Asks: 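Sharing a structure below in structure tokens format, with a few things to ask.
Everything numeric in this text was worked out from a predicted model, so none of it was measured. Throughout, numbering of the chain's residues begins at 1 and tracks the sequence.
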Amino acid sequence: MDEVDSSLNSSSLAFVEDLYAAYLLDPDTVPEAWRTYFSALPGNGAPANGSRRQGFGPSFRPASLFNPPRPGGGGPGLAVETADAELTQRLDRLVRNYRVRGHRVADLNPLGARSREVPELDASYYGFTDADMDRPVLETTFAKARTVRDVIEALQETYTRSIGAQFMHIDDLEVRIWLQARMERSRNHLELSRDTQLRILTKLTDAVMFEEFIQKKFVGAKSFSLEGGESLIPLLDLALEKAGQQGVREVVLGMAHRGRLNVLANIMGKHPRAIFREFEDKDPELHRGRGDVKYHLGYSNDWVTQGGDKIHLSLAFNPSHLEFVNPVAMGRVRAKQDRVGDERRERGLVVLIHGDAAFIGEGVVQETLNMSELAGYSVGGALHVIVNNQIGFTTAPDQGRSTTYASDIAKMLQSPIFHVNGEDPEAVAQVIELAMDFRSTFGRDVVVDMYCYRRWGHNEGDEPSFTQPGMYDRIRKRPTVREGYLERLLTLGGITREEADAIAESRRELLERELSAARGDEFKPHYSAFEGFWKAYQGGPEAEAPEVDTAIERAQAETILRTLATVPDSFEANPKITRYLQQRGQMAAGERSLDWAAGEALAIGSLVAAGVRVRLTGQDTERGTFGHRHSVLHDVETGARFVPLATLAHDGGVFDVCNSPLNEQGTLGFEYGYSLDMPDGLVAWEAQFGDFVNTAQVVIDQFIASGEDKWRRLSGLVLLLPHGFEGAGPEHSSARLERFLQLCAEDNMQVVYPTTPANYFHVLRRQVVRPWRKPLIVMTPKSLLRHPRAVSDLDDITSGGFRRVIGDDVDPAGVRKVLLCSGKVYYDLDAAREEGGRHDIAIVRLEQLYPLRTDLVQEALAPYGSDVAVTWVQEEPENMGAWRYLRVRWGGEVDGRPFSVVARPASASPATGSSSSHKIEQAELVRAAFEVPA
């Protein structure tokens, strides 16, 4: 191999990388000597032909200053015959800078704004003159590039036309080579057949005609038009066709309101008549006190590709809170993948459509991107599409971001970003083909930043020229993207004007027929949310939900506890964990009462053994914030992981537990989405401290609490929120119980504050066994995790069920006052009663705060005299906790008895930061609770 030896230097590195890129795509395109060399590299039998990284290629590192050739020759060094090494070196620098910086001068903006000058992209910067232009160069990945002039032209065509690519931030050489080869061999141009061109034109026509029709028929109505960004429709069309070829069978789309109606009609297949009926608003009785605006609604349908592949499409419902649907859509796809055992994450795809201002401005975007490569959250790569209107409401980019591009936050990932001019539909087609292939090959997110504009203001009634007069003067003069593409096709001779007019006329006639149907009296809106695996479940009032048996057999409980006490013989557990395991064995033998962690483990273990998928996530959830759970054990010698509960899995059951990244809104949104597609599972999210849940308030308010009322969507998501006043300060005491209770109406969710491991066990099992699907908010303990009184017996697990109200067994004859309470304060009150011998005080526990069963409270109060007063006792300040909620529900009396409160004084902050002050306050609170008026 005279051509291949050990003398390669850094000046020829780019050349060899180009050759290797060509070899990976097609070995026959490189000289035989190089083909032989590349095929002999370790781990490289042949190119991987698009497989997901497995066998993609060798760890190729050509010789350079950083990887010198081996002494005596013999790889990795290579030699390249070159007539002018100095010229090659200069040209290599130019090539590299085009790859790095070419996007800065690409023709991306349809409004014509010029990009800044980049000196590194001028050939003269490297000393090239006109005399150098026709000098020969070595073969590169650019087809037919034989001279310096050819290479420069190829670089400009590839990196500075209607596509700008950012990919050189990716650390992995093989990924960069793959991208270089794909773009440079085609010069970033996709050769389209006449049928594909006609398909693009048709989709553009659909998009344009739909928007124009709405503007004419519903003058002044808000629709959040897609006009100016109509290329989104052929982009999605081509993406779905490609997804079908790649084996994708489920696609979940998440997007905000702009263009949503167009996507519903022209991608999701929602009948225009249903959309027009929503504009007409002729069915007010159907929506009194519920429902949502038409541009927030979701939809599901089946898409059949040209090749006959069927894909189920789901457009997620979304509030006006931009970008918060992103983790929800990801969670839905992950659940769909888990349901069918798609561990390679190939059968599901999430498509997230963003606005430019929101993508860079909303923090939930970063949280979603960060989850993309985590084992507990990955979906095999999301397709991100930024509809870049170059404005946010009235805010210009220079006021809305500190970055060059709206997409720059995505550079945190090892993924490419493709900027494309939305008025060049064929460039859009090339980008989406490349993006979908990248995602399929590497299983990573990919970003398409489509530059376009917003023809109208933020909505159709807004006047944008108040704040952007110059921009909107240019926009008013622009034809639609359909007209521009049609002129190109007419010039090429690929289509006639008559064909194009016929397409437009057929679409116009269809829309007229749909409008007539929408306005007809016989039109009946159809809403259905309970199909597929949701058919077995129900929402509505709790009174209509059946009561279920949540107890388990004693033998099963003992087996679960013994399993928790057992590790493999070869597993070296931490000595402290060994004691923990021994305690589980004692519980199995009936020698020790059940603590809180045991109650939870029994619930999970029994469900997993029954074939239920259990997913438990949150910050530090594997161990538990307070070191109580230990669901994942770690070998002290090898670090190997062992999950005892997972060994109980039977009949398809799965226990999936993982620590989440340090955020709340993204991870809670993900679990909410997961619960939407896993109604038969137990899906639980745990906050490190309940106080931190307020950073996810948007997810709670706009999705969890109101999803059924707005969108007819049910969720069985469980929130585990550590709550309790123990002197830990204002940020480690309160899960803001009052906020959840304020959101409660129409039996939309369940709020519980259990006091025993057994009741916690039963409420978790009830969440799965009962077919009623509502979110479950659990105020979970901290100090009670190890409280000697907060225990249960095995008999409490093997009989009974969840007790919404727990009465007292004190002799009712001598009772002069009833204390009603929830949660941890019960144990403080019970201890004080015992210490003071106060048998004249009864303590009743309200374990389920919502839905509130007043009849059960009355039943618990019935043994006591009708003149016995009831006092609600809470640790929280008077303006927090459950007091004001109960006061509104019951007024000044409960069951005809005077109703009052003992609580900390109203406060702007939940708790004191002084442990000593806390103890004083708590003692005063308990003392006040036991005062009985003369």
Side-chain angles (χ1 to χ4, degrees), residues 10-11 13-15 17-18 21 64 87-110 112-129 132-133 137 140-142 145 148-173 175-189 356 360 386 388 390 397-398 401-421 424 427 430-431 434-435 438 446-451:
S10 59
S11 68
L13 178 60
F15 165 74
E17 288 184 356
D18 289 344
S64 69
L87 180 142
T88 301
Q89 187 176 30
R90 285 189 289 143
L91 191 59
D92 284 348
R93 290 169 58 200
L94 177 63
V95 170
R96 175 173 175 78
N97 276 320
Y98 262 92
R99 291 168 178 164
V100 175
R101 305 274 284 158
H103 58 87
R104 295 293 288 119
V105 297
D107 182 17
L108 302 176
N109 192 344
R114 295 180 59 83
S115 300
R116 67 183 62 180
E117 296 295 326
V118 181
E120 309 96 291
L121 302 183
D122 191 327
S124 64
Y125 184 84
Y126 306 93
F128 287 105
T129 66
D132 295 316
M133 291 298 105
V137 297
T140 69
T141 53
F142 294 110
V148 172
R149 189 189 312 278
D150 293 340
V151 171
I152 293 174
E153 289 176 355
L155 288 168
Q156 292 171 342
E157 290 181 29
T158 303
Y159 294 115
T160 69
R161 289 191 302 180
S162 296
I163 298 171
Q166 287 182 282
F167 66 99
M168 293 297 283
H169 61 279
I170 299 173
D171 294 330
D172 193 323
L173 174 62
V175 176
R176 295 202 309 273
I177 286 176
W178 187 93
L179 289 163
Q180 286 170 200
R182 280 293 302 266
M183 291 186 286
E184 293 174 3
R185 290 183 65 81
S186 67
R187 304 195 182 188
N188 247 343
H189 178 72
D356 50 307
I360 192 64
I386 302 173
N388 194 334
Q390 307 181 69
D398 61 356
R401 65 175 188 256
S402 299
T403 60
T404 301
Y405 295 110
S407 59
D408 277 350
I409 187 66
K411 289 175 72 175
M412 64 184 282
L413 299 181
Q414 296 289 294
S415 296
I417 301 167
F418 301 112
H419 309 280
V420 62
N421 190 322
D424 186 342
Q430 158 66 7
V431 160
L434 182 56
F438 174 86
V446 61
V447 178
V448 175
D449 178 18
M450 188 181 77
Y451 273 72

Asks: How long is the gap from CD1 on I386 to CG on D449, to the nearest 0.5 Å?
Replies: 4.5 Å

Asks: Checking side-chain contact (heavy atoms from CB on, under 4.5 Å) for the pair N388/H419: CA distance, chi angles, key distance, verdict?
Replies: CA-CA 10 Å; N388 194 334; H419 309 280; over 6 Å; no

Asks: What's the separation between atom CG in N421 and atom CE in M450, rounded to the nearest 0.5 Å?
Replies: 9.5 Å

Asks: Are the side chains of L179 and I170 in touch, meaning some heavy atoms are under 4.5 Å apart?
Replies: yes

Asks: Between D132 and T129, is there a donor-acceptor pair closer than 3.5 Å when you use the side chain of the first and the backbone of the second?
Replies: yes

Asks: Using every non-hydrogen atom in the two residues, find where V447 and A410 come nearest and quote the distance to one decimal.
Replies: CG2-CB, 3.7 Å

Asks: Given side-chain contact (heavy atoms from CB on, under 4.5 Å), test L434 with N188 step by step and report yes or no.
Replies: CA-CA 9 Å; L434 182 56; N188 247 343; 4.2 Å; yes

Asks: Quick one about Y125 and N97 (side-chain donor to acceptor, distance below 3.5 Å, no hydrogens or angles considered), yes or no?
Replies: no

Asks: Keeping the roles fixed (side chain from Y98, backbone from L121), state whether a donor-acceptor pair exists under 3.5 Å.
Replies: yes

Asks: Find the distance between CZ (R101) and CD (E120) and round it off to the nearest 0.5 Å.
Replies: 5.0 Å

Asks: Which heavy atom in T160 sits nearest to a heavy atom in G102, and how many Å separate them?
Replies: CG2-O, 3.6 Å

Asks: Nearest 0.5 Å, please: how far is OG1 in T158 from CE in M183?
Replies: 8.0 Å

Asks: Step by step, work out the side-chain contact (heavy atoms from CB on, under 4.5 Å) result for M133 and V148.
Replies: CA-CA 5 Å; M133 291 298 105; V148 172; 3.8 Å; yes

Asks: Going by the rule side-chain contact (heavy atoms from CB on, under 4.5 Å), which residues pair with V100 if we only count those two or more places apart in sequence or in a different chain?
Replies: R96, M168

Asks: Residues two or more places apart in sequence or in another chain: which of them pass side-chain hydrogen bond (donor to acceptor under 3.5 Å, both in side chains) with R401?
Replies: none

Asks: Are the side chains of T404 and R104 in touch, meaning some heavy atoms are under 4.5 Å apart?
Replies: yes

Asks: For residues S162 and D424, report the shortest heavy-atom separation together with the two atoms involved.
Replies: OG-OD2, 2.8 Å

Asks: Distance only, no hydrogens: is a donor on one side chain within 3.5 Å (strictly under) of an acceptor on the other, for D172 and Q414?
Replies: no

Asks: Treating R176 as the side-chain partner and F167 as the backbone partner, does any N or O pair qualify as donor plus acceptor under 3.5 Å?
Replies: no

Asks: Write down the atom of V448, the atom of A435, and the distance for their closest heavy-atom approach.
Replies: CG2-CB, 4.0 Å

Asks: How far does CG of L155 sit from CG of L94, to the nearest 0.5 angstrom?
Replies: 6.0 Å

Asks: Could you tell me which residues satisfy ring-ring contact (aromatic ring centres under 6.0 Å, His included) with F438, sequence neighbours excluded, listed by chain and number?
Replies: F442

Asks: Has R161 got a side-chain atom pairing as donor or acceptor with E157's backbone, closer than 3.5 angstrom?
Replies: yes

Asks: Nearest heavy-atom pair of Q166 and S407: which atoms, and what distance?
Replies: OE1-OG, 4.3 Å

Asks: Show the nearest heavy-atom pair for residues F418 and V446, with the distance to one decimal.
Replies: CE1-CG2, 3.7 Å

Asks: In Å and rounded to the nearest 0.5 Å, what is the CD to OH distance from Q180 to Y159?
Replies: 5.5 Å

Asks: For the residue pair L87 and V137, establish whether any side-chain heavy-atom pair is separated by less than 4.5 Å.
Replies: yes

Asks: Under the side-chain contact (heavy atoms from CB on, under 4.5 Å) criterion, do V95 and V151 qualify, and how do the steps go?
Replies: CA-CA 8 Å; V95 170; V151 171; 4.0 Å; yes

